[in-house]
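Notes to accompany the following structure.
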2 protein chains.
Amino acid sequence: MARLSSADRRAVLVRAALRVIDRDGVYRATTRAIVAEAEMSLASFHYVFRSRDEMLGELFAFVVRREEEATLAALSSSVSIRQAVRSGLQAYFDLLAAHPEREQALQELIQYALRTPELAALPGAQYRRYVHSAQTMLEHGAELTGVRWAIPIEQLSGVLVAFTDGLTMSWLANRDDSAAAALMEFAADAIAAQSVPARSIPASDPPREQPQ
Amino acid sequence: MARLSSADRRAVLVRAALRVIDRDGVYRATTRAIVAEAEMSLASFHYVFRSRDEMLGELFAFVVRREEEATLAALSSSVSIRQAVRSGLQAYFDLLAAHPEREQALQELIQYALRTPELAALPGAQYRRYVHSAQTMLEHGAELTGVRWAIPIEQLSGVLVAFTDGLTMSWLANRDDSAAAALMEFAADAIAAQSVPARSIPASDPPREQPQ
DNA sequence: GATCGACTGGGTCAGGCGACCAAGACGTCT
DNA sequence: AGACGTCTTGGTCGCCTGACCCAGTCGATC
């Protein structure tokens with residue numbers, strides 16, 4: 001094995017671990033399986049990571065970052081807000097359908113983190129990031145299509161995330177593409193129904209805050 | 001340990017395993033942990049189950065049956081269909097909030113089954129049962145409150161299940177009760193919006209107009 | 001009360017696990 | 001060239017796992 005800095009080796013191991021988890025599941029991602037995937041010795045693992053859980057914590061952070069970037073890149077220009085929401089959902093679904101093992105791995109990682117005291121706080125933080133990403137997309141979409149939201153944006157973001165979670169769960173369980181499409185249509189309708197035409201140009205509009 | 005028939009011992013072990021999984025997770029539900037919980041010897045386990053996976057298959061079937069009974073018992077009499085859907089969601093949420101470890105265990109079991117070739121078909125079947133339960137509730141609720149559904153009932157059932165999945169995921173991750181309530185309000189609105197007044201009583205009655 | 005099949009449980013096996021150590025290899029700076 | 005700190009590695013430790021064996025116990029039946 002070539003000589004690597006600790007930081008580089010950590011990154012290599014995290015990516016190898018992710019491949020093992022995608023393929024075989026969190027449970028089978030043992031230190032030995034990971035170093036075999038990365039083609040390095042077992043001792044190298046514990047040279048750069050104090051423990052397997054420390055590596056999983058870094059892996060979790062990596063996955064969250066990657067997921068966040070992917071969702072934010074899905075902003076498309078659409079004429080109507082319904083179409084914008086619908087194509088945003090489609091972009092997510094395409095990602096899910098192309099890499100189901102990746103989403104499944106993510107679900108397993110969340111479960112694992114919830115069971116591990118040192119990592120138990122991570123899923124909550126990850127969820128807040130998702131909601132925040134959803135909020136950004138909804139705000140951006142509304143701005144681009146000239147509407148504003150009739151209900152608090154935080155609430156609507158939660159709804160959107162719930163829809164994607166439900167979409168993920170159901171599709172992973174039964175792989176029914178048409179049922180998924182129907183769900184996305186429904187979600188786009190339900191969310192777009194909460195939009196009203198923007199009254200004025202945002203800059204000079206006074207009432208910014210909107211209590212519950 | 002008292003003498004038990006194989007069938008009884010299997011049932012005792014499945015329930016003990018379920019307690020261990022609720023408390024510690026699927027991963028830590030080893031044969032030794034299970035027999036300790038059930039207060040019997042390790043050999044008794046392999047006397048009635050050929051392997052740990054065989055026991056988990058039986059456990060999965062047990063959980064699905066229990067879950068199904070719980071959801072179907074939640075039918076309440078309401079004046080409006082929106083209220084019926086809302087209270088149905090609330091009944092599910094109360095169950096979730098009272099026994100979060102049970103829902104978490106269920107999610108873990110689904111993940112485990114998906115990773116185990118012999119059990120991989122079970123989550124899909126379980127999901128279809130859920131959708132079927134949701135359909136029964138929606139049909140029953142519509143009948144009780146004098147409405148019919150404007151879109152195919154199969155599609156709407158899928159939406160309802162997706163909402164409960166999304167609700168489960170988000171609440172397990174951040175335990176935010178008010179966000180959950182907001183999501184349920186939204187879901188009740190969105191689903192009730194798909195109802196229209198029933199025009200007639202199906203069986204033999206002549207067509208009769210029934211406003212609202 | 002003898003027999004026989006069903007049931008019980010202590011003990012053991014090989015294998016996989018996370019973690020660790022001590023010795024060697026390498027690059028770099030003096 | 002020599003010395004030093006960083007990196008690499010094979011080997012090993014104690015522990016836990018699922019599975020299994022076999023001697024022993026129990027209770028129904030004859």
Side-chain angles (χ1 to χ4, degrees), chain A residues 1-21 23-60 108-109 111-113 115-120, chain B residues 1-21 23-60 105 108-109 111-113 115-119:
Chain A
M1 193 67 201
R3 291 176 83 85
L4 294 175
S5 70
S6 287
D8 286 347
R9 190 173 291 275
R10 289 166 79 101
V12 169
L13 280 169
V14 163
R15 281 161 181 77
L18 214 41
R19 288 197 299 278
V20 175
I21 292 175
R23 190 192 334 121
D24 303 324
V26 175
Y27 173 73
R28 293 185 180 85
T30 64
T31 53
R32 283 170 174 80
I34 294 165
V35 297
E37 174 73 25
E39 291 180 323
M40 63 177 73
S41 74
L42 183 55
S44 294
F45 186 99
H46 281 100
Y47 182 73
V48 293
F49 289 114
R50 201 177 317 139
S51 69
R52 178 173 173 271
D53 274 352
E54 181 181 315
M55 190 275 298
L56 282 175
E58 194 159 311
L59 182 144
F60 206 93
E108 286 187 348
L109 280 170
Q111 300 295 341
Y112 184 87
R115 290 286 187 199
T116 310
E118 308 93 64
L119 307 178
Chain B
M1 192 66 201
R3 292 175 85 82
L4 294 175
S5 71
S6 288
D8 285 347
R9 191 174 292 275
R10 287 166 81 101
V12 169
L13 280 169
V14 163
R15 281 161 181 77
L18 213 41
R19 288 197 299 275
V20 175
I21 292 174
R23 189 190 337 119
D24 304 325
V26 175
Y27 173 72
R28 293 185 180 87
T30 64
T31 53
R32 282 171 174 80
I34 294 165
V35 298
E37 174 73 26
E39 291 181 324
M40 62 177 75
S41 76
L42 184 55
S44 295
F45 186 99
H46 283 98
Y47 183 74
V48 293
F49 288 115
R50 201 178 315 139
S51 69
R52 178 174 174 272
D53 273 353
E54 181 181 313
M55 190 276 299
L56 282 174
E58 194 159 310
L59 181 144
F60 206 92
E108 285 187 350
L109 281 170
Q111 301 294 342
Y112 183 88
R115 290 287 187 197
T116 309
E118 308 94 62
L119 306 179

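These numbers come from the heavy atoms of this one structure, side chains and all, not from hydrogens, waters or symmetry mates. What you are looking at is a predicted structure, and each value in this text was computed from that prediction instead of being measured. Naming: A, B, ... by sequence-line order, numbering from 1 per chain.
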**Prompt:** Between C:dG10 atom C1' and B:Glu39 atom CD, what is the distance in whole Å?
**Reply:** 18 Å

**Prompt:** Given atom OH of A:Tyr47 and atom P of D:dG10, what is their separation to the nearest angstrom?
**Reply:** 16 Å

**Request:** Sequence neighbours left out, what passes salt bridge (Lys or Arg N to Asp or Glu O under 4.0 Å) with A:Arg32? Give chain and number order.
**Result:** none

**Asked** Looking only at heavy atoms, what is the nearest atom pair of B:Leu109 and B:Phe60, with distance?
**Response** O-CE1, 3.4 Å

**Item:** Whole-Å gap separating P (D:dA19) and CD1 (B:Ile34)
**Value:** 11 Å

**Message:** Protein within reach of the bases, or only the backbone? For nucleotides 17-29 of chain C, mark each nucleotide 5' to 3' as B, S or -, using heavy atoms under 4.0 Å.
**Reply:** BBB-B---BBS--

**Complete:** A:Glu58 meets the side chain to side chain donor-acceptor pair (under 3.5 Å) criterion, sequence neighbours left out, with A:Arg10

**Message:** Main chain of A:Ala11, side chain of A:Arg15: is a donor-acceptor contact present, judged purely on distance under 3.5 Å?
**Reply:** yes

**Between D:dG18 (P) and B:Met55 (CE): distance, integer Å** = 9 Å

**Message:** I'd like to know if the side chain of A:Glu108 and the backbone of A:Val26 have a donor-acceptor N/O pair within less than 3.5 Å.
**Reply:** yes

**Request:** Taking only the side-chain heavy atoms of B:Ser44 (C-beta and beyond), determine which of D:dC7, D:dT8, C:dG9 contains the nearest atom.
**Result:** C:dG9

**Complete:** In short, A:Thr31 meets A:His46 closest at the heavy-atom pair CG2-CE1, 4.4 Å

**Message:** From CZ of B:Phe49 over to P of D:dT17, roughly how many Å is that when rounded to an integer?
**Reply:** 19 Å

